[in-house]
Every structure is written in C-alpha cells, then in structure tokens.
Amino acid sequence: MRARRMFHPERPQADLLIRGAHVLDPRSELDGPHDILIRAGHIAELGAAGALAASPDAITIDATGKHAFPAFFDPHVHLRTPGHEYKETIDTGTAAAAAGGFCGVIAMPNTDPVVDDASILRSLTEMAGREAHVPVGFLAAITRGLRGAELTEMADLRDAGALGFTDDGKPLTSAGMLRKAIQYQRLTGGVVALHEEDPALSGDGVMHEGAVSARLGLAGIPSVSESTMIARDAALARFEDARMHFQHLSCAESVEALEAAKAAGILVSGEASPHHLTLTDDVVRTLDSRFKMNPPLRRERDRKALVQALKSGVIDCVATDHAPHARHEKEVPFEQAPMGTTGLETAFAALYTELVLTGELELDLVIRRMTDGAALFDLPTPTIVPGELANICLVDLGAEFEVGADGYVSRSENCCFHGRTLHGRVLLTLAAGAVAFGEPALAATVLLGAR
Ligand SMILES: [Zn+2]
Ligand SMILES: [Zn+2]
C-alpha cells in the first residue's frame with residue numbers, strides 16, 4: 001500500500017473561470033493570454049482569452065493584465081509545531097505559504113519534541129489534516145533528538161507518512177551515521193536531505209567570514225564549513241549509490257562541489273533560498289538581526305554563483321527555509337539573536353524584483369525552479385494542464401508593495417526583506433483544487449461566493 005505523504009483537510013473544490021490571464025507554465029509551454037476554466041477543483045478547459053463561458057454556478061475573475069503560474073512548491077519550511085507555536089503553527093505557516101503563491105510545503109522536524117518518532121509524526125499529519133491551508137509534507141529526523149548518535153526508526157516513520165529524513169538545523173557530523181542512514185534509505189525509500197556545515201569550522205560564527213565580519217569584529221562562518229561537507233557526503237552517496245539532497249546552498253564552493261558530484265553521475269540535488277540568491281553580507285553592516293541566518297548571507301561572487309547554478313540546473317530548485325522567530329527573540333544584539341528569516345510571503349516577489357526585473361534571470365526559469373522541488377520528493381509537479389488538479393497562483397506583476405507594511409500572514413515578522421519595495425503581488429492561490437488564498441478584494445468574490 002502506498003502511504004499518504006501530503007496532508008490537508010478536504011476543502012470545497014473551486015468552480016472558477018479565470019478570464020484572460022497571461023498563463024505562463026514552462027512545462028506545458030503556455031505563454032500567453034488564456035481563459036482557465038476550473039470545475040470541481042480541476043482544470044477543465046484552457047481556451048483563448050475571452051473564449052470560454054462560465055457555467056452558471058462558477059465565479060468569473062477578470063484577470064486581464066495579470067499572470068497565472070503553476071503554484072509554487074517549497075521543500076523546506078519550519079512550521080515550529082510542536083513546541084514553538086508562539087513562532088508559527090501549521091495554520092499560520094501554511095496560510096503564509098498560500099499568501100506567497102505556494103500550493104505545497106515540506107516541514108522540517110527540528111521541533112520540540114523533535115519529529116523522531118512515528119507517534120509524533122502521526123499527530124502532526126492529523127493536525128495538518130485539520131488545519132493546513134495548503135498540503136503539507138513532513139521530513140522526519142535522521143537521528144534521535146537530532147543528536148547525531150542514534151538512527152530513528154526510519155521504516156516506521158516512512159509508514160507514518162514521512163517524505164524523507166533530515167536533521168536540519170544541525171549538520172550530521174558523523175560520516176558513519178550518515179552512511180548507516182543512506183543504507184537504510186535504500187530499504188525505506190524517501191529522500192535524505194542535509195544541512196551541510198562542519199561545526200569545527202563554523203565555531204561560534206554569527207555571519208559569513210570575510211571582509212564585513214572583519215570590519216564588524218564579528219566571528220565568521222567560512223564558506224568551506226559548508227562545501228567540504230557537501231564534498232564528503234557526495235562521496236558517501238557515490239560509495240553507497242544513494243540519493244541525497246543538499247539544503248540551502250550558500251556559496252560558490254558548494255556549487256562547485258555539487259556540480260562535480262552531478263558530473264560524476266551521483267544522485268544528488270540542491271536547493272537555494274531567495275535570500276541567498278538576492279542578498280549579500282553587505283546588508284549585515286546594519287546589524288539588523290533579520291539578516292542573521294544559517295547558512296549566512298555571503299559575498300557577491302557567491303550570490304552570482306548561486307544564480308548561475310539555478311539557471312544551469314546545478315541547483316535544482318528554490319526553497320525558502322522559512323524560519324520564523326518571535327520579535328522578543330530577534331530584538332536583541334546581533335550576536336545573540338537566533339538564526340533564521342521568514343520567506344514564504346516574499347519568495348516570488350523577491351526573486352522577480354531582484355533577479356527578473358534586473359535581467360539576471362528569465363521569468364519562466366524562476367517559475368520552473370519554484371516548482372521543481374516537488375519532483376525531488378517524488379511528488380507531482382504543479383502544472384497548468386486540463387485534467388490536472390488546480391494548483392495555480394494569480395499574480396499582478398505590476399503591483400508593488402512594501403514588505404511588512406500591512407503586517408504578515410505568518411505569526412512571525414523576522415523577514416529579511418522587511419521594508420523593501422518589491423514587485424509582483426500574489427492575488428489568488430489555488431492549492432489541491434481549493435482556494436487557499438485570495439487578496440482582500442478578490443477574497444470577497446472567491447471565498448464568499450459573491451458574483
Ligand atoms: Zn538548515
Ligand atoms: Zn531549515
């Protein structure tokens with residue numbers, strides 16, 4: 001029996017006619033104005049703009065001048081439950097995902113308690129079945145308590161619905177432990193995802209080790225702390241013929257290590273975050289703790305290498321590493337603040353504003369990489385094709401907004417793009433056939449059913 005891996009409540013399936021949107025889906029090669037008719041949550045028909053008629057009980061949205069994309073997929077978020085519900089919950093975190101145009105997210109297990117036991121995982125999947133706004137998948141811990149000393153019962157966790165395994169938040173320093181994990185992975189299936197960092201090199205670092213950390217007198221985390229672990233673990237993946245996913249790549253040396261591994265035919269993949277793709281350690285000069293995350297923001301040459309790797313496919317997908325923290329935790333001196341930035345609500349707009357509008361990347365490439373994470377975890381890729389479940393986001397590329405000016409949907413506000421003016425506002429998100437988010441003016445129509 002195939003275990004269920006994505007969890008959400010049954011929500012009313014949408015009956016909508018999205019009229020005249022510029023539909024851009026790199027996979028179905030759509031790039032132009034179309035009508036999209038959605039019936040009972042499925043894409044019933046695609047037609048030339050203005051060609052389709054709504055059935056009597058369908059709501060029509062005039063989307064002329066707006067863009068419709070396959071909704072995004074985020075393989076790396078922290079929903080903070082159980083244990084840290086004051087930062088985020090499945091309810092608030094998936095509402096933030098929907099507001100950002102996402103139709104699916106994968107939650108990390110570094111909660112309190114850690115998701116290292118099937119009973120804890122089952123309580124989470126049940127919770128997601130009650131309160132998730134978009135489907136949620138879960139990674140379980142590789143080692144008990146993320147302590148790196150003892151493997152979890154990986155088979156039980158897979159049976160309980162785990163998409164894969166990670167000790168994210170902490171590196172798996174023991175190569176022997178990782179070797180055992182990937183040997184088990186062959187039996188259990190699922191992806192092993194790794195937060196790559198050598199604590200002996202990171203030390204007490206609070207930002208990237210370089211000119212800016214030297215100027216500020218702050219302890220740094222060198223790039224090799226990440227890249228040497230990627231090289232080590234890729235060698236293990238090769239030795240065991242295993243599949244491995246590297247989380248939140250931050251530097252040029254890591255890109256080189258991943259590229260070399262892929263060139264050697266090793267089954268590895270990688271992700272990069274909107275913040276690493278658009279910001280550098282230069283912003284840390286402000287000592288604003290919103291810019292403190294792990295791995296840290298690095299140099300411009302690292303940022304450029306990540307963008308280039310995203311373009312070439314060496315980096316497979318975008319992942320936000322959405323990491324909420326409460327205001328009282330972040331509003332302390334930079335050195336003491338916890339690592340992490342939120343990112344679900346700003347991911348598309350940040351990439352569109354900082355990479356597409358500047359000419360560094362094409363829009364269709366960004367859409368592709370914001371949806372490519374699903375397949376890495378053996379999930380269907382969101383795509384706009386008749387017959388498919390509706391996973392669509394409607395975006396106004398012309399709309400600009402100041403991040404945080406209207407607050408956040410997330411329970412936390414530690415967003416590294418706070419105060420920036422970004423372009424590309426998400427108006428509507430359909431996830432698994434249901435309306436998961438509608439911006440206020442639209443919500444009245446699509447959620448309340450007004451005609
Ligand atoms: Zn991490
Ligand atoms: Zn993370």
Side-chain angles (χ1 to χ4, degrees), residues 73-81 83-84 87-88 90 93-94 96-97 100 102 105-112 114-116 124 136-143 145-148 162-173 178 191-199 201-202 205-208 221 223 225-230 233 244-251 254 258 269-277 290-298 306 315 317-325 329-330 337-344 346-347 373 376-377 410 412 414-416:
F73 187 89
D74 193 342
H76 189 154
V77 304
H78 296 268
L79 298 181
R80 301 304 193 202
T81 190
H84 299 125
K87 300 177 197 250
E88 199 77 287
I90 290 178
T94 57
F102 290 89
V105 298
I106 301 179
M108 298 299 116
N110 62 335
T111 49
D112 185 14
V114 168
V115 185
D116 60 3
L124 281 177
V136 188
F138 296 90
L139 297 187
I142 298 172
T143 67
L146 308 182
R147 285 186 294 273
L163 276 166
F165 305 91
T166 184
D167 273 5
D168 182 44
K170 290 194 176 157
L172 198 52
T173 50
L178 178 57
V191 179
V192 166
L194 297 166
H195 166 128
E196 295 293 38
E197 176 183 3
D198 183 340
L201 290 169
S202 296
V206 295
M207 65 174 294
H208 171 66
I221 301 170
S223 304
S225 167
E226 178 178 289
S227 58
T228 52
M229 291 291 275
I230 290 179
D233 293 344
M244 212 175 261
H245 178 69
F246 298 119
Q247 299 175 304
H248 47 50
L249 266 66
S250 70
C251 62
S254 294
L258 179 60
S269 55
E271 64 184 37
S273 72
H275 49 275
H276 290 113
L277 289 160
R290 289 191 182 93
F291 298 125
K292 184 176 178 185
M293 64 282 281
N294 192 18
L297 299 171
R298 299 199 186 270
L306 294 173
I315 290 177
C317 67
V318 170
T320 66
D321 194 6
H322 177 82
H325 290 293
E329 294 170 312
K330 275 290 197 180
M339 308 249 198
T341 174
T342 58
L344 283 166
T346 49
L376 296 177
F377 290 85
S410 166
S412 292
N414 57 306
C415 180
C416 64

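All residue numbers refer to positions in the sequence shown, counting from 1. All ligand and atom numbering here is 1-based and tracks the order in the structure.
Between Lys87 and Glu329, at least one side-chain N (NZ, or NE/NH1/NH2) sits under 4.0 Å from a carboxylate O, which counts as a salt bridge.
Residue His248: no N/O/S atom is found under 2.8 Å from the Zn ion (ligand 2). When distances to the Zn ion (ligand 1) are checked against a cut-off of 2.8 Å, His76 contributes no N, O or S atom below that limit.
When distances from the Zn ion (ligand 1) to the N, O or S atoms of His195 are compared, ND1 comes out shortest. When the Zn ion (ligand 2) is compared with the N/O/S atoms of Asp321, atom OD1 turns out nearest. Nearest N/O/S atom of Asp168 relative to the Zn ion (ligand 2): this is OD2.
In terms of heavy atoms, Ser202 sits closest to Ser225 at OG-OG, 2.7 Å.
A ring-centre distance under 6.0 Å is not found for His276 and His248. Aromatic ring centres of Phe377 and His245 lie closer together than 6.0 Å.
Applying side-chain hydrogen bond (donor to acceptor under 3.5 Å, both in side chains) to His78 and the options Thr111, Asp321, Thr320 leaves one that passes, Asp321.
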